[in-house]
Peer 1: 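Quick one: the structure is below, questions incoming.
All chains are named by letter (A, B, ...) in the order of the sequence lines, taking the proteins before the strands, and each is independently numbered beginning at 1. Scope of the values below: all heavy atoms of this structure, side chains included, with no hydrogens, waters or symmetry mates.
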Amino acid sequence: MKFVWLLLLTAALFLLNLFIGSVDIPAREVMAILTGTDTGAEGPYGFIVVGSRLPQAVTALLAGAALTVSGLMLQTAFRNPLAGPSILGITSGASLGVALVMLLLGGSVSAAGFTIGGNLAVLAGAIAGSIAVMGVLLLLSVWLKNGLMLLIAGIMVGYLTSSVIMLLNYMASAEGVQSYTMWGMGNFNGVSLTQLPFFSTTVAAGLLLAVLLVKPLNIILLGENYARNLGVSMQRVRNMLLGATGILTAVVTAFCGPISFIGLAVPHIVRMIFRSADHRILMAGCIITGGCTGLLCNLICVVPADIILPLNGVTPLIGVPVILYVILKERIHR
Amino acid sequence: MDNRITVETCDLTTGYRRHSSARIVTGNINASLRSGELTCLLGPNGAGKSTLLKTLSGFLPPVSGSVEVCGRPLRDYRDRELARVLGVVLTERPVLDNMTVAELVTLGRSPYTGFWGRGNAEDKAVVSRSLELVGISRMAHRLVSTLSDGERQKAMIAKALAQATPVIFLDEPTAFLDYPSKVEMMRLLHHLAHTHDKTIFLSTHDLDLALQLADKVWLVAKDTEPVTGTPEDLALSGRLSEFFCRDGVRFDAATGLFALDMPTSTSVCLTGEAPFVTMAAKALLRNGILPSAFGPAIKATESGFDVDGRICGSIDQMLHTVKDVLQQ
């Protein structure tokens, strides 16, 4: 029943994202464009709705789901309610990649006489950065058997990358700093209609990998030793977890910037809604609620007339109260 | 019930290997566990009980020697295979928010359930039978986070039972429990071993309970080879008192249990009928007065405690009177 309500809410938010935007388009026109009864699809309104709002809504939906699922997996794997995609350093790795491209190379990458510039270079930087950090974490996880140690290593990697980013910022040109700052604010409009298939398939693959991990995730709630005694190979599960969260976080950060708080806070909202520890329910709940939250944040960004708010200015408004609630609840428990 | 050997160690040395060197905790363990028996692992703190349990459970590789479980070397088992042979109850307390007791016990079925971990009718039956065996059926739908320590421990044992393994290892299952719960827990494990042919092996500090309920005990201590056998054999051979006796603790050969050894400075002549005489003796000993055949006469009966002709209604009064008499 809760799933039905959430699905209805998500559908409603998805439609609202198509109907509402920084450009005022009459609802009748949007209807006509969506149902295809009007030839207006080729006009400027059609361009905005199909070429901009539709990919943006799909991106918000998928990115929200991807980050929330990553957060859920990390919180379970590290048995830490404050774990999230950004804490393991994967997001910082992506940021470092982007910073290198934007600040050091001036926004374009030249290799073997072949130059890629703009979006594509940023994308390559982000993915390369997150894969590099993920590789380091996978290597570390071979001899850091303790989950908490790995978590700390991830946080340290994050600090290291931010220090490099700060140095890069110090040396970079004003335009470089500005475009990097803009990317850092986060947005859901970075995926164009032509990039949407790649973005969607990658996120779908990551989500599928996450869904495959439902049973081991339930078992590792008992802790590593109990899990091992129940036949779960911790090394394998941890590698798969890092792989799945790595893919999801890398692709979302590459396209949308380092989005804060969704991955950290929404899994807690899902636990509050479903009051369950069963990942079969939580995983499905996280996909839907995450998508729902992504759409809601995007809607808040575009609702004020004439301007688009930065995404990372909106997500803490949802995230911080949830995290505070979780911390307070923990205190009351003890 | 044939009490066959299920776990056997051969020249096992436990410890932690680091690079080329190894820190040895316990050496030369040649012992076995049998099905249908409750075996207790006893020893002072830091003697290597946990390390031994970890090694036998396959969490820690042995420094040397080998362990055989159900006729097969432990190192030849893959994790998934071992999960059907050996279940554990550990001291760690995972945080299990929003999880019901039934869900927890169902996790014990994971080695048997399919891809999604959803149990079929048989798994459900095993789960409810396990809950029933440890006596927490009525708590099946309670949240684990609302259970008391004892109930939580029982839920973990039910999980191990649901795992349907012939061998169950428990690391200090009676720690943090109140005394009646400790007794209940040990009786439950004794019952499970005897009526369900399980091999149950547990570490504990509750010496009295272990000596009363264990079929076999393993004694481990630093710098000595471990000793195994029935508590009674070990008592007769004097090994038990060797392991645990020190200042203030005395092995009482009459009961086969350990007792406090109180220094006494004076004595009284205590006679009377049980249980009054026993209680009077206990109270006197605590106060450093030895009940013997010499000294002021005390007669303990149902009608009171007669101290040199003065009748006292309670032990408390008697103690005051005895002290008065002794001072004179």
Peer 1: About how many Å separate CG of A:Leu221 and CG of B:Leu104, when rounded to the nearest 0.5 Å?
Peer 2: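 Here the interatomic distance stands at 10.0 Å.
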Peer 1: Does A:Phe3 have more than 12 heavy atoms from other residues, nucleotides or ligands lying within 6.0 Å of its CZ?
Peer 2: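 Buried by this count: over 12 neighbours within 6.0 Å.
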Peer 1: What distance do A:Ser233 atom OG and B:Arg80 atom CZ have between them, rounded to the nearest 0.5 Å?
Peer 2: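 Here the interatomic distance stands at 9.5 Å.
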Peer 1: Return the CZ to CG distance between A:Arg236 and B:Asp79, rounded to the nearest 0.5 Å.
Peer 2: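 Interatomic distance, A:Arg236 CZ to B:Asp79 CG, rounded to 0.5 Å: 10.5 Å.
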Peer 1: Is B:Glu92 close to chain A through its backbone or its side chain, or both, or neither, when contacts mean heavy atoms under 4.5 Å?
Peer 2: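 For B:Glu92, the contact with chain A is made by backbone and side chain together.
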Peer 1: Identify which part of B:Lys54 has an atom lying under 4.5 Å from any heavy atom of chain A, answering side chain, backbone, both or neither.
Peer 2: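 B:Lys54 has no heavy atom closer than 4.5 Å to chain A.
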Peer 1: Starting at OH of A:Tyr226, measure out to CE of B:Met156 and round the result to the nearest 0.5 Å.
Peer 2: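 One gets 4.5 Å once the value is rounded to the nearest 0.5 Å.
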Peer 1: Atom CE of A:Met272 and atom CG of B:Asn98: how far apart are they, to the nearest 0.5 Å?
Peer 2: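 A:Met272 atom CE to B:Asn98 atom CG measures 10.5 Å (nearest 0.5 Å).
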Peer 1: Please flag which part of B:Ser57 lies under 4.5 Å from any non-hydrogen atom of chain A: side chain, backbone, both or neither.
Peer 2: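 Contact with chain A involves no heavy atom of B:Ser57 at all.
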Peer 1: Is any side-chain heavy atom of A:Lys215 closer than 4.5 Å to a side-chain heavy atom of B:Thr113?
Peer 2: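 Yes, side chains in contact.
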Peer 1: Please flag which part of B:Leu86 lies under 4.5 Å from any non-hydrogen atom of chain A: side chain, backbone, both or neither.
Peer 2: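 Answer is both: backbone and side chain atoms of B:Leu86 are under 4.5 Å from chain A.
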Peer 1: Evaluate side chain to side chain contact (heavy atoms under 4.5 Å, CB included) for A:Arg228 paired with B:Leu82, printing each intermediate quantity in order.
Peer 2: CA-CA 9 Å; A:Arg228 223 179 128 185; B:Leu82 192 62; over 6 Å; no
Peer 1: Where does A:Val232 contact chain B at under 4.5 Å (heavy atoms): side chain, backbone, both or neither?
Peer 2: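 Only the backbone of A:Val232 comes within 4.5 Å of chain B.
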Peer 1: What are the two closest non-hydrogen atoms of B:Ala83 and A:Gly231, and how far apart are they?
Peer 2: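 Residues B:Ala83 and A:Gly231, closest heavy atoms: CB-N, 3.6 Å.
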Peer 1: What heavy-atom pair brings A:Arg280 and B:Trp116 nearest, and what distance separates the two atoms?
Peer 2: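 Minimum heavy-atom separation between A:Arg280 and B:Trp116: CD-O, 3.5 Å.
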Peer 1: Does atom CZ of B:Phe176 have more than 12 heavy-atom neighbours from other groups under 6.0 Å away?
Peer 2: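 Not buried by this count: 12 neighbours or fewer within 6.0 Å.
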Peer 1: Does the pair B:Leu107 and A:Leu222 meet the rule for a side chain to side chain contact (heavy atoms under 4.5 Å, CB included), with working shown?
Peer 2: CA-CA 9 Å; B:Leu107 285 179; A:Leu222 294 176; 3.9 Å; yes
Peer 1: How far apart are the C-alpha atoms of B:Met99 and A:Asp278, what are their side-chain angles, what is the distance that settles it, and do they pass the side chain to side chain contact (heavy atoms under 4.5 Å, CB included) test?
Peer 2: CA-CA 8 Å; B:Met99 188 187 280; A:Asp278 187 345; over 6 Å; no
Peer 1: Tell me, for B:Arg118 versus chain A, whether the close heavy atoms (under 4.5 Å) come from the side chain, the backbone, both or neither.
Peer 2: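 Both backbone and side chain.
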Peer 1: What residue among A:Asn229, A:Leu230, A:Ile219 forms side chain to side chain contact (heavy atoms under 4.5 Å, CB included) with B:Pro111?
Peer 2: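 By the side chain to side chain contact (heavy atoms under 4.5 Å, CB included) criterion, B:Pro111 pairs with just one of A:Asn229, A:Leu230, A:Ile219: A:Leu230.
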Peer 1: So what's closer than 4.5 Å to chain A heavy atoms on B:Phe115: side chain, backbone, both or neither?
Peer 2: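 Looking at B:Phe115, backbone and side chain both touch chain A.
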Peer 1: Does any heavy atom of chain A fall under 4.5 Å from the side chain of B:Thr165, the backbone, both, or neither of them?
Peer 2: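 Neither; nothing under 4.5 Å.
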